[in-house]
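What's counted below: heavy atoms across the whole structure, side chains too, no hydrogens, waters or symmetry copies. Ligands are counted one by one from 1 in listed order, and the atoms in each one are counted from 1 as well.
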Amino acid sequence: MGRTREDFARFLEAYPSYAGTGAIDELRTCDYSRLDARGHVYLDYTGSGLYAESQVRRHAELLTREVLGNPHSSNPTSELATTLVERTRDRVLAYFTASADDYHVVFTANASQALKLVAESYPFEHGGRFLLTFDNHNSVNGIREFARARGASVTYVPVLPPDMRIDEAALHAQLAPPVDGHANLFAYPAQSNFSGVQHSLAWIERAQAAGWDVLLDAAAFVPTNRLDLSRCHPDFVVLSFYKIFGYPTGVGALLARHPALGKLRRPWFAGGTITVASVGADMYHLASGSPAFEDGTVDFLNLPALELGFDLIERAGIDVVHARVQALSGWLIDNLVAMRHANGSPLVRIYGPITQEARGGTVTLNFHDRDDHFIDHHVIERGAGERRISIRGGCFCNPGAGEIALGLSAGEIAHCFAQSHDRMTYNEFRRCIDNKSSGAVRVSLGLASNHADVAAFLDFARSFLT
Ligand SMILES: Cc1ncc(COP(=O)(O)O)c(C=O)c1O
C-alpha cells in the first residue's frame, strides 16, 4: 500500500464516520474540479466558503433567461424581481426552521452590516448594558462604540486558555442580576472564528429569562452546522451567505424576532424604508418589518442566487458536511498534536480544544522551533503559499481571543497604542509586541474539504520538524 493509501486507511479507522460522507467526494468531482485542476489546497473556509460550479451556471441561466427590474417599481419586470426576492426570504426562513410569525429576515451586504443595523438602532441608554465575550469578531466589538456613546456600560466576559472556552461562572454572574427597565444586549458567536470553539446555545434562553436581548453571531457556525431556530430563539442572528456556499458575495442577513426588531430605532430613513416622507412638512413614516431596515434597493440580481446555494447545501446535507468536517479536523488536530521535534519539544501550540467536543473545523495554532520559540506566522503563511495551500494568518479580526491566546496583557497593548501619535500600522504593532507572537495561523475546513487537503497541510507541517 502506498503511503497515502495507508494514511487514508488509518484515518478511516480513527474516524469511521467519514465513510458516510462520500456524497461530498462526488460533489467535489463534479462541482469543485477547479481545486484539483489548479493544484489548490484550500484551507480558509472560515474566511470564505467556495461556490460550486453549478451555482454559477444556474445563476447565469436565470439571468440570461429572465428580465428583472427594480423591485420598488410596479411593472412586470419589477414584480418578477419582487417575487424572487420574497421567495428567497421564505427560503432563508425555511432553511433555519424559523417561522415567519416569529422572525423577520432583513437582507444586508454582509454580517458586519447586519451587526451595524443592530448597533446603531438598539436603544442603549444610561443604566443599560452591553455584555459580550472576549471571543468576538471586530464587527461585534465595534457595537461597544454605539453603546458607550449612549451611556450604556460595556462588559467583556473572558475566555480561558488553552481551550478558549468562556468562563461560565463569570458569564452567569454577569447575566444573573435581575435586569431593570433598561434595554440590555448580550452578544456572542455561536462558533469562534479564532479557536473553533462552539459556545453554548443554552445561554440564549438563560440570558433572555434574566431580561437580556441576545444577539447571536452565527457567521462562523452556519457553514458547517445546523442552526435550528425552532429550538433556540436568539433575538438577533447575523450571517454572511458567502461563508456558507461561497456565492454570491455581498449578501448577508439579520434575522430578528418580531418584538426585537420592533425595539430598534433607526437613526435615519432612506429610499425603500418609508411608507411616506415629506420634504415640505419635514415628516416621514417608517415602513414596518424588514423593509424599514433595507436601505435603498436590495441586491435583487444576486439574492435569487441564494436559493441555488441552499439547493447545494441541501443536496450535500448540512449534517453530512458537519460529520465530514468533524472527522477531518479531528485527524488534523490528532496529527499536529503528535508532531515533536527530535528533542521531544512539540511542533505546534493549538489555541482551542484538541478534542472534537463542542468545536468546529477551525484550528488555530502557532508553530514552534525545537527551543520552543514561535515561528512567525508570516513565515508559515508564505511557506504554505509556495505549496498552493491557502491558510490565514494574523488574529482574524478577533483581537480579544488573540490577546488571551497569545498572552498579551491589556497593559502591554495599551503601551503600544500610546507609542503611536496617529494611526498605528499592524507592522508597528508587531514590532512593539517584540518577543511575543502578534498572531497565529488558522486552518479551516468546509464543504468541499477532503482527506488529501488535510494530508497536504500535515506534510507541510512536518517540513518544520528538526
Ligand atoms: C464570527 C464572524 N462574525 C462576523 C464576521 C464578519 O463577516 P463579514 O466580513 O462577512 O461581514 C466574520 C467574518 O469572518 C466572522 O467570522
Ser99 side chain vs Asp101 backbone, donor-acceptor pair below 3.5 Å: yes
Salt bridge check: are Arg58 and Glu61 linked by an N-O gap of less than 4.0 Å? no
Could you tell me, atom by atom, which parts of ligand 1 come under 4.0 Å of a heavy atom of Ala219? 2 (C), 3 (N), 4 (C), 15 (C)
Going by the angle between their ring planes, with limits at 30° and 60°, are His172 and Trp203 parallel, tilted or perpendicular? perpendicular
Please write down residue, atom name and distance for the protein heavy atom closest to atom 14 (O) of ligand 1. Lys243 NZ, 2.7 Å
Checking side chain to side chain donor-acceptor pair (under 3.5 Å) between Asn193 and each of Asn136, Asn398, Thr46, which is the one that passes? Asn398
Among all protein heavy atoms, pick out the one at the shortest distance from atom 12 (C) of ligand 1; state its residue, atom name and that distance to 0.1 Å. His137 CD2, 3.2 Å
Tell me whether the rings of Tyr188 and Phe186 are parallel (<30°), tilted (30 to 60°) or perpendicular (>60°). parallel
Within-cut-off N or O pair, Asp217 and ligand 1, under 3.5 Å: yes
Starting from atom 7 (O) of ligand 1, locate the nearest protein heavy atom and write down its residue, its atom name and how far away it is, to 0.1 Å. Ala111 CB, 3.7 Å
I'd like to check which ligand 1 atoms, numbered from 1 as shown, lie under 4.0 Å from a non-hydrogen atom of Asn110. 10 (O), 11 (O)
Atom 11 (O) of ligand 1 [closest protein heavy-atom partner, distance rounded to 0.1 Å]: Ser112 OG, 2.6 Å
Do the ring planes of Phe241 and Phe107 sit parallel (below 30°), tilted (30 to 60°) or perpendicular (above 60°)? tilted
Taking only heavy atoms of Asn193, which atoms of ligand 1 are found under 4.0 Å from at least one of them? 1 (C), 16 (O)
Counting only N and O atoms by type, is there a donor-acceptor contact under 3.5 Å from the side chain of Arg359 to the main-chain atoms of Pro353? yes
Under 3.5 Å: N/O of Ser240 near N/O of ligand 1: yes
Consider every N or O of Gln191 and every N or O of ligand 1, then say whether any pair is closer than 3.5 Å. no
For the residue pair Phe245 and Phe310, categorise the inter-ring angle as parallel (less than 30°), tilted (30 to 60°) or perpendicular (more than 60°). perpendicular
Nearest neighbour in protein (non-hydrogen) for atom 9 (O) of ligand 1: Tyr242 OH, 3.5 Å
